[in-house]
Every structure is written in C-alpha cells, then in structure tokens.
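First the structure, in the form of structure tokens, and then the observations on it.
If you're wondering where the values come from, they're calculated on a predicted model, not measured in any experiment.
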Amino acid sequence: MYLILCHKSVILNKLINMSLFIRNYKPGVAYNAQILWRFNSTTAETVKQGEDEEEFRVLDILHKKGKLQKRVNRRADIQPDRSEKMPTDQNWGNVWPGPRSFHPSSVPLPIRQGYVPKGQAPPGKKANAELMKIPNFLHLTPPVVKSQCEALKKFCTSWPKLLNSEEAIEKNYPMEIISSDYCHASPTIRNPLARIVTLRVKLSNLKLDSRARDKFLRLVGDKYDEKTDLVTLTADRCPVRKQNMDYVNYLLTACYHESWTVEDWETDKSLEDMEYYDFDLNPSKKNLVNWYLMSNNEDNNLNDEQIKNFDVSKIPNGVEYKSAVSELFNEGESELALNKYDTSVRKLLGLPEKKIAN
C-alpha cells in the first residue's frame, strides 16, 4: 500500500512538471535532460513556495522607495563675448561686410536703443529687439566707403575739363532727369518712390517760334514756370523707373511736334481771336515804327510784313516800351503796370522823369 502511494505521488509530480513545461514551452528552443531536471526541481519549489505564500500574504501599506542619487549640474565655462576680444586695429569691413540685422556680439560699441521713463538709461545692446527693428549702416563706415571708392575708380572716367561751370553744363546738357534711390529694410528691394522720374528743360532751349511756343505752353499748362523758364514733367504711373523715363521723353516729344503742327482752323484765326496781346501783330508796333522813322527823317516805305519783322531793339528804349505795353494788356491795369508804362513812354520820348510831390 505504501508503494502504491509513493508511485502515485511520483506520477502526480511528473504530471505537474509536465504541465509546467508545456505552459512555459517556446517553440524552436532546445532543452536537454539536465535543464529539464533543474527546471522540474525549481518549478516544484516555486509552486510549493507559491502555495505557502498564497496562504500567508502580507499587505505592504508603506512602500519604501529606494534612495535616488541626486543629479549634480555641472556649469560649463562661459567664453567671453566676441566684442570683448576684438582688437582695436581690426579691419571693420571684414567684421561687418554688408547690410545685416544687428548682432550684439559683433559690435564693440555700447549702443543703446528704446524708450524708458525719464531718468533711466535706455536698454543695452544685448537682448534688445528695438535695435533689430531699424536698419543700420554699420557697414558704411568712412574707411569702408573710402576703400570701396578706391576700388571703383578704375571703372570711372575723369570729368571733362570743358564742363567746369554750370553754364557750360547747361549748354551741352540742356535736359535734366531727376530720380531717387532708397536704402531701407523691407521684404522687397524695390521702393515705390524710386519709380518716380522728373524731366526738366528750359523752354528757351527748344527751337520754337512765337506761334509754336504759344501752343506748346497751352499743351503743358501749369508745368511751365515763367520765373525760371523751366518745363517740368513728372511721371509715376508706371511700376518701373525705366518705363516712367520713357514716358516723360514721349510727353516732351509729343508736345514739341504737336506745337509745330498747324491745323486748318488755325489759319482762319484773326487778331480779334487771339487769347493774348501780341505787340508785333497789333497797331502799337506800327505806330512805334512810324514815329521812329519820322523822328529820324527817314522814308517810310515799309509794308505790313516788313513792319511786323522790324527789330524793335534798334529803337532806343523800344524793348522796354514793348514789354510795358504787353504787360498792361495781358495782365491788366495795376499801379505797377501803369508806372512801368509811364516810365517807358517818358524814356522813349525823351521826357524828364515824373516828380512825386511830398
């Protein structure tokens, strides 16, 4: 009976070991007899210990944490600022060669920028967003500009010696083109104001007769300044400067050729239809020429065309008289115009000056 019980216990132990082996079996793994024996022995002890532990389980309420080693932060050595290591005799063009945003470590200057209450110093250059907002010209220092000019000299020609005065320049280059360039901080390099082009030329430099000159002035309107004798044409409607420059040249060319064009209706225009007083076409010139010839005992055999083309500058004080009469009729009667006319007539007739009683 004892043998049968021992035999049953052995069989039961083997079945338990076999069930544990099947549960922990992994395909593709080789097992030998020694490992299986060790496995059976350890699993049996584990099962036995597990059965004992299940009977005497202890509730661990206060869970003790292991001591953690504190992390020590090691501070790295901070290198000195670049601006503090810069030599005083360095080439600034190599440090700041072109336009760029402000960088405090590259500028060895105590720059400050920003609004602060009264009595406080503005913020320094480090961590200052105000210095980064505005454009700077640190790349255009006098030594750098001088070196750039020296480099560009080989591409330039010398100034002509004959153009040594404003009169000589105006005589050889009567037309003047004015445009502007801008340096600014923007997402685009094009400034809207850089497209504006202005052309200036003196009206006396344009070869126009009296009729063409009158028509040209009516075409340009208020673009003509009588005091300076300048015609100013400005264009800004095109997006590019080159287009506006071509447009002002076209305007000047079109107005010049149109002023020389004679329409059919212009030949029917009489003296009464004139918008202004023309001294050469009115009887005032004929009376002046006749008086001059009679005072000098000369024969008056001139026809209307010859009187029209007669040079008034041959008559003493004739030009002043012509200007006074034209101003009186064109600008209207005024105290200044009447005094000018009175003075010119007295000089023309050889009369003494008008005396004003006190």
Side-chain angles (χ1 to χ4, degrees), residues 99 135 137 139-140 142 144-186 188-263 266 275-276 278-280 313 319-320 322-323 326-327 330-331:
F137 296 93
H139 61 288
L140 295 179
V144 174
V145 173
K146 184 177 180 180
S147 63
Q148 292 178 357
C149 293
E150 292 294 333
L152 293 174
K153 274 186 178 180
K154 60 182 180 180
F155 301 104
C156 301
T157 57
S158 58
W159 184 261
K161 296 181 179 179
L162 297 178
L163 300 177
N164 54 3
S165 62
E166 293 293 335
E167 292 77 10
I169 296 175
E170 183 180 343
K171 180 180 178 181
N172 293 276
Y173 300 96
M175 186 182 299
E176 183 180 2
I177 299 293
I178 303 173
S179 60
S180 302
D181 295 318
Y182 296 87
C183 180
H184 64 114
S186 176
T188 176
I189 61 175
R190 295 177 182 264
N191 191 299
L193 299 177
R195 74 184 193 280
I196 303 175
V197 177
T198 302
L199 182 147
R200 294 198 307 185
V201 62
K202 281 194 173 184
L203 185 62
S204 58
N205 293 328
L206 301 177
K207 297 180 180 180
L208 300 171
D209 59 5
S210 58
R211 188 201 62 81
R213 185 178 186 276
D214 176 66
K215 192 172 183 179
F216 183 86
L217 292 177
R218 296 181 186 278
L219 290 174
V220 297
D222 58 351
K223 305 299 181 182
Y224 173 70
D225 188 1
E226 188 176 359
K227 295 181 180 179
T228 59
D229 195 36
L230 286 174
V231 178
T232 305
L233 301 176
T234 304
D236 60 351
R237 61 179 60 189
C238 300
V240 185
R241 179 190 299 177
K242 180 64 170 59
Q243 297 173 340
N244 287 317
M245 188 177 298
D246 294 340
Y247 183 65
V248 292
N249 289 327
Y250 162 75
L251 288 178
L252 180 62
T253 304
C255 292
Y256 178 81
H257 289 288
E258 185 64 26
S259 62
W260 280 104
T261 303
V262 180
E263 302 292 343
E266 293 185 40
E275 297 85 357
Y276 64 97
D278 192 348
F279 184 82
D280 295 330
S313 60
V319 177
E320 185 178 354
K322 176 183 176 180
S323 175
S326 300
E327 183 179 348
N330 290 326
E331 298 182 6

Gap separating the [atom1] atom of [X] from the [atom2] atom of [Y], nearest 0.5 angstrom:
X      : Y      : atom1 : atom2 : answer
Lys322 : Asp280 : NZ    : CG    : 4.0 Å
Leu203 : Asp225 : CG    : CG    : 11.5 Å
Thr253 : Tyr250 : OG1   : OH    : 9.5 Å
Met175 : Leu252 : CE    : CG    : 5.0 Å
Lys223 : Leu251 : NZ    : CG    : 9.5 Å

Which pairs of donor and acceptor atoms, one on a side chain in residues 163-170, lie under 3.5 Å apart (sequence neighbours left out)?
{"from": "Ser165", "atom 1": "OG", "to": "Ala168", "atom 2": "N", "distance (Å)": "3.3"}
{"from": "Glu170", "atom 1": "OE2", "to": "Lys202", "atom 2": "NZ", "distance (Å)": "3.0"}

For side-chain contact (heavy atoms from CB on, under 4.5 Å), just list the numbers for Ile178 and Arg200, CA-CA rounded to whole Å, side-chain angles, deciding distance to a tenth of an Å, and then say yes or no.
CA-CA 8 Å; Ile178 303 173; Arg200 294 198 307 185; 3.7 Å; yes
Ignoring hydrogens and geometry, is there a side-chain-to-backbone donor-acceptor pair from Lys215 to Val262 under 3.5 Å?
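Checking the backbone N and O of Val262 against the side chain of Lys215, no donor-acceptor pair under 3.5 Å is found.
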Look at the side chain of Ser323 and the backbone N and O of Glu320, then say whether any donor-acceptor pair between them is shorter than 3.5 Å.
no
Please report the closest heavy-atom contact between [X] and [Y], naming both atoms and the distance.
X      : Y      : value
Val201 : Leu199 : CG1-CD2, 4.2 Å
Ser259 : Ala212 : CB-O, 3.4 Å
Thr261 : Arg211 : O-NH1, 3.7 Å

Check the orientation of Tyr256 and Trp260. Use parallel for under 30°, tilted for 30 to 60°, and perpendicular for over 60°.
perpendicular
More than 12 non-hydrogen atoms from neighbouring residues, nucleotides or ligands closer than 6.0 Å to [atom1] on [X], yes or no?
X      : atom1 : value
Tyr182 : OH    : yes
Leu152 : CG    : yes
Arg190 : CZ    : no

Any chance you could lay out the side-chain contact (heavy atoms from CB on, under 4.5 Å) test for Tyr224 and Thr232, step after step, and finish with the verdict?
CA-CA 6 Å; Tyr224 173 70; Thr232 305; over 6 Å; no
Using the side chain to side chain donor-acceptor pair (under 3.5 Å) criterion, which residues pair with Ser179? Sequence neighbours excluded.
none
I'd like a table of donor-acceptor pairs (distance under 3.5 Å, sequence neighbours excluded) in which one partner is a side-chain atom from residues 233-246, with atom names and distances.
{"from": "Arg241", "atom 1": "NE", "to": "Ala194", "atom 2": "O", "distance (Å)": "3.1"}
{"from": "Arg241", "atom 1": "NH1", "to": "Asp181", "atom 2": "OD1", "distance (Å)": "3.3"}
{"from": "Arg241", "atom 1": "NH2", "to": "Ser180", "atom 2": "O", "distance (Å)": "2.8"}
{"from": "Arg241", "atom 1": "NH2", "to": "Asp181", "atom 2": "OD1", "distance (Å)": "2.4"}
{"from": "Arg241", "atom 1": "NH2", "to": "Ala194", "atom 2": "O", "distance (Å)": "3.4"}
{"from": "Lys242", "atom 1": "NZ", "to": "Asp246", "atom 2": "OD1", "distance (Å)": "3.2"}
{"from": "Lys242", "atom 1": "NZ", "to": "Asp246", "atom 2": "OD2", "distance (Å)": "3.0"}
{"from": "Asn244", "atom 1": "OD1", "to": "Cys238", "atom 2": "N", "distance (Å)": "3.0"}
{"from": "Asn244", "atom 1": "ND2", "to": "Arg195", "atom 2": "O", "distance (Å)": "2.6"}
{"from": "Asn244", "atom 1": "ND2", "to": "Cys238", "atom 2": "O", "distance (Å)": "3.1"}
{"from": "Asn244", "atom 1": "ND2", "to": "Val240", "atom 2": "O", "distance (Å)": "3.4"}

